[in-house]
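Structure first, then comments.
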There are 2 protein chains.
Amino acid sequence: MILIDKENIDFGMILSQHALSKTSFRKILIEFFYRSKHSLSVEEIISNISHPVDKVSVYRALNAFEKNGLIHKVPDKANLIRYALCPSECSSSKHLHNHAHLLCSNCNETYCINDFKIPIVNECKGFVINNLKIILEGSCIDCQQSYS
Amino acid sequence: MILIDKENIDFGMILSQHALSKTSFRKILIEFFYRSKHSLSVEEIISNISHPVDKVSVYRALNAFEKNGLIHKVPDKANLIRYALCPSECSSSKHLHNHAHLLCSNCNETYCINDFKIPIVNECKGFVINNLKIILEGSCIDCQQSYS
DNA sequence: TAAAATTACGCAAATCAGTTGCATTTATTA
DNA sequence: TAATAAATGCAACTGATTTGCGTAATTTTA
């Protein structure tokens with residue numbers, strides 16, 4: 001397993017590898033995803049990156065990133081559009097990853113939980129099941145610490 | 001176990017038991033929930049009940065019903081507000097029921113699945129878990145039959 | 001059971017997230 | 001570097017949900 005050195009990632013390269021244009025905003029956007037511990041909403045992106053950007057461009061960039069296997073949609077407490085980085089194996093052609101998500105009731109952030117074992121269910125009461133989504137609701141580590 | 005005779009339910013009584021006003025629209029609305037096999041969106045309610053009603057009143061009635069333990073929110077494929085009946089034990093004070101939901105990829109309806117066993121998880125990777133939501137994506141029974 | 005108090009209703013208008021069209025700028029390709 | 005393609009910003013739009021407010025129906029009280 002290769003550990004990624006967050007200080008020396010070539011974000012332009014990552015965009016190229018996913019067939020995405022290397023504009024200055026998109027380089028900053030993908031870097032922001034890499035530096036964030038949790039998933040991001042449009043609002044969080046706009047108000048936290050240095051680069052001034054229109055919300056329309058954010059929506060369109062997120063769409064393109066998702067289509068090309070760089071990020072994936074995650075659930076959000078308030079049903080907003082929210083994304084997190086995909087595992088490095090993802091691409092536009094192979095874009096499957098099944099993991100649980102944690103919604104923190106305190107800070108409302110969404111985290112990807114990779115070690116929760118998702119059961120395989122093909123059938124239930126006559127229904128044919130193709131996919132299973134699990135959402136864990138609770139407190140993230142930061143919010144527990146801030147209480148103590 | 002008491003089987004409910006759907007032809008002879010006193011819907012006014014049900015509203016009273018949940019401390020809700022017995023207006024003609026609300027009686028029709030709760031009856032509509034009892035007669036529906038699946039959960040209901042605002043749009044489905046407005047276009048299917050005989051009583052002419054403003055959408056604002058639907059939203060407010062659904063809100064009141066939920067608050068008083070008569071219905072609960074269920075996930076919706078398009079992130080619309082969608083509700084289903086609660087089990088009869090629910091009230092405004094005790095309004096807990098943990099079951100899985102099926103989203104049918106074909107008809108976009110949401111069904112409550114009561115026999116799917118939801119695992120109990122209190123902790124995961126340092127996160128404290130209070131609740132677990134499971135969404136099964138697949139085909140409902142009606143949609144499978146319509147293909148054959 | 002009628003008056004008083006509370007709650008629901010309908011309408012119009014507002015809000016809020018997300019989308020679309022289009023002219024302009026930036027990036028990629030040849 | 002010119003030609004082509006894609007991204008950006010702005011304005012305007014959509015669709016779901018919410019809010020304000022005057023009126024009507026329901027519930028409570030005397």
#### Entry: Protein proximity profile, nucleotides 20-30 of chain D - base contact B, sugar-phosphate-only contact S, no contact -, cut-off 4.0 Å on heavy atoms
BB----SS---
### Atom-to-atom span, NZ of B:Lys55 to P of D:dT19 - whole angstrom
13 Å
### Message
Could you tell me how far apart B:Asp54 (CG) and D:dT19 (P) are, to the nearest whole angstrom?
### Response
15 Å
#### Entry: Listed once per pair and sorted, the ring pair (Phe, Tyr, Trp, His ring centres under 6.0 Å) pairs that draw on residues 68-89 of chain B, sequence neighbours left out
B:His72-B:His97, B:His72-B:His99, B:His72-B:His101
#### Entry: Listed partners of B:Phe127 passing ring pair (Phe, Tyr, Trp, His ring centres under 6.0 Å), at least two apart
A:Tyr111
### Query
Hey, what do you get for CD1 (B:Ile120) to CG (B:Asn131), rounding to the nearest 0.5 Å?
11.5 Å
### Query
Quick check: are there more than 12 heavy atoms from other residues, nucleotides or ligands sitting under 6.0 Å from CD1 of B:Ile118?
yes
### Query
Going by an N to O cut-off under 4.0 Å, is there a salt bridge joining B:Glu31 and B:Arg35?
yes
### Task
Rounded off to whole Å, could you give me the CZ-to-C1' distance for the A:Phe65 and D:dA7 pair?
11 Å
#### Entry: Partner residues of B:Arg82 under the side-chain hydrogen bond (donor to acceptor under 3.5 Å, both in side chains) criterion, sequence neighbours left out
B:Glu44, B:Asp76, B:Glu109
#### Entry: DNA chain C-proximal residues of residues 73-86 of chain A, any heavy atom under 4.0 Å
A:Leu80, A:Ile81
### Residue pairs fulfilling salt bridge (Lys or Arg N to Asp or Glu O under 4.0 Å) with at least one residue in residues 91-106 of chain A, sequence neighbours excluded
none
### Message
Using the side-chain hydrogen bond (donor to acceptor under 3.5 Å, both in side chains) criterion, which residues pair with A:Ser91? Sequence neighbours excluded.
### Response
A:Ser93
### Summary
Here the distance between atom C1' of D:dG9 and atom OH of A:Tyr59, to the nearest Å, is 15 Å
### Task
Could you state the atom-to-atom distance from NE2 of A:His18 to P of D:dA6 in whole Å?
19 Å
### Task
Using the side chain to side chain donor-acceptor pair (under 3.5 Å) rule, collect all pairs that involve residues 114-127 of chain B, keeping only residues at least two apart or in two chains.
none
### Message
Under 4.0 Å from a heavy atom of chain B: give me the 5'-most and 3'-most nucleotides of DNA chain C that qualify.
### Response
C:dT7 to C:dA12
Distance-only donor-acceptor hits, side chain of residues 49-63 of chain A, under 3.5 Å, sequence neighbours excluded:
{"from": "A:Asp54", "atom 1": "OD2", "to": "A:Val56", "atom 2": "N", "distance (Å)": "2.9"}

### Task
Report the end-to-end axis angle of the helix from C:dT1-D:dA30 to C:dA30-D:dT1; each axis comes from five terminal pairs, and the value is rounded to 10°.
40°
### Task
Can you sort out the partners of A:His18 under ring pair (Phe, Tyr, Trp, His ring centres under 6.0 Å), two or more places apart, ordered by chain and number?
none
